[in-house]
2 protein chains.
Amino acid sequence: MKIGEFAARSGISARLLRYYEEQQLLLPRRGENGYRQYSADMLRSAAQIRALLDAGMPTTIIRDILPCLSATEDIYLQKLSPETRLRLEQERDRISARIVCLARNRDAIDAYLSSVPLT
Amino acid sequence: MKIGEFAARSGISARLLRYYEEQQLLLPRRGENGYRQYSADMLRSAAQIRALLDAGMPTTIIRDILPCLSATEDIYLQKLSPETRLRLEQERDRISARIVCLARNRDAIDAYLSSVPLT
DNA sequence: TTAAACCTTCTCACTGATGTGAAGGTCAAG
DNA sequence: CTTGACCTTCACATCAGTGAGAAGGTTTAA
């Protein structure tokens with residue numbers, strides 16, 4: 001599918017899709033004429049990228065973790081260098097830290113809202 | 001305490017503290033000579049600001065939610081306009097959405113790491 | 001087959017957010 | 001009076017994203 005249709009289906013502008021390609025987040029194949037060719041399963045990746053960006057993850061990290069997020073069983077069998085494993089573990093821990101921070105503050109907002117009278 | 005000492009104690013550069021003041025995140029009083037005067041309890045706020053920024057929260061939202069994060073019982077009694085309450089509830093929900101997204105992806109990373117053989 | 005309408009390409013430039021660097025001036029303590 | 005900490009201000013860097021123009025490919029319909 002060409003970029004226009006993919007943009008319409010994913011809700012991500014063609015402009016932004018080209019940007020994501022430039023950032024190495026989403027890499028479509030190219031046709032004979034140089035047109036980008038998106039496959040249907042890239043819709044899932046695209047949604048994941050959007051969700052992670054909206055959650056405040058930088059593109060560099062998304063680029064690192066995307067491959068293992070869309071991993072299927074046959075990919076699981078690929079080897080994983082100790083350095084890559086370590087980096088992924090660190091990213092996982094950083095995400096956990098984010099979650100803890102966000103949860104703590106959300107709970108604080110919630111406690112505040114509960115304690116203030118309704119009107 | 002002046003900006004130099006506060007920077008040393010908080011681990012946030014003086015330059016960045018001035019920036020946070022410009023962004024209305026942390027507003028120290030001013031002495032006769034125009035020097036910024038930070039109070040000790042601003043250290044907590046400063047840490048909270050850093051944590052939230054590191055977790056990917058934008059300054060505008062932090063500015064909104066900070067007052068209710070450092071709220072003490074006497075502040076709880078202040079009135080809260082329905083609009084403000086609504087905005088806070090929306091922010092809380094947005095934070096929850098972020099948490100869900102981050103947790104899902106962290107778990108995916110974790111599952112991947114568990115499934116790939118050790119070496 | 002040609003023409004119009006549309007899509008895709010790339011590139012330059014720009015925004016807004018989060019910072020950082022450095023110049024030039026002021027204040028205060030030794 | 002020199003030194004160091006502070007003041008403001010202008011400029012710059014990076015990241016995520018957008019706008020617009022020029023050139024060329026694709027489709028449709030006369």
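Reminder, nothing fancy here: chain letters follow the sequence lines and each chain counts from 1. For the numbers below, each heavy atom of this structure counts, side chains included, while hydrogens, waters and symmetry mates do not.
Taking atom CE of B:M57 as the reference point, atom C1' of C:dT18 lies 15 Å away to the nearest angstrom. Between the CG atom of B:L25 and the P atom of C:dT18 there is a distance of 8 Å, rounded to whole Å. What separates CG of A:D54 from P of D:dA16 is a distance of 13 Å, to the nearest Å. Atom CD of A:E32 is separated from atom P of C:dC7 by 22 Å (rounded to the nearest Å). Atom CD in A:Q37 sits about 18 Å away from atom P in C:dC7, given to the nearest Å. What separates CD of A:Q24 from P of D:dC15 is a distance of 14 Å, to the nearest Å. Between the CD1 atom of A:I12 and the C1' atom of D:dT18 there is a distance of 15 Å, given to the nearest Å. The separation between B:L16 atom CG and C:dG21 atom C1' is 13 Å, rounded to whole Å.
A pairwise comparison of heavy atoms in A:Y35 and A:K2 identifies CD2-CD, 3.6 Å as the closest pair.
Counting any heavy atom pair closer than 4.0 Å across all strands shown, B:T60 reaches no nucleic acid atom.
Across C:dT8, C:dT18, D:dG25, the shortest atom-to-atom separation from the side chain of A:N33 is found for D:dG25. Ranking C:dT8, D:dA16, C:dT18 by closeness to the A:R36 side chain, first place goes to C:dT8. Listed nucleotides: C:dT9, D:dC7, C:dT18. Nearest to the side chain of B:Y19: C:dT18.
Judged purely by atom type and a 3.5 angstrom limit, B:N105 uses its side chain to pair as donor or acceptor with the backbone of B:C101. Distance alone, capped at 3.5 Å, places no donor-acceptor pair between the A:T84 side chain and the A:L80 backbone. Side-chain atoms of A:R63 come within 3.5 Å of backbone atoms of A:Q23 as a donor-acceptor pair (strictly under, hydrogens ignored).
Note on B:S13: a side-chain N or O is less than 4.0 Å away from OP1 or OP2 of C:dT20. Applying the 4.0 Å criterion to OP1 and OP2 of C:dC10, one finds that A:R30 has a side-chain N or O inside that range. Distances shown here put a side-chain N or O of A:T59 below 4.0 Å from the OP1 or OP2 atom of D:dA16. Side-chain N/O atoms of B:R50 include one lying less than 4.0 angstrom from OP1 or OP2 on C:dG19. Put simply, A:R18 has a side-chain N or O that comes within less than 4.0 Å of OP1 or OP2 on C:dT9.
Toward the 5' end of DNA chain D, the nearer of the two residues A:Y20 and A:Y35, judged by each one's closest nucleotide, is A:Y20.
Side-chain N/O atoms of B:R15 and base N/O atoms of C:dG19 include no donor-acceptor pair closer than 3.5 Å.
Linking Ile, Leu, Val, Met, Phe, Trp and Tyr whenever their side-chain heavy atoms come within less than 4.5 Å leaves B:V100 and B:I95 in two separate clusters.
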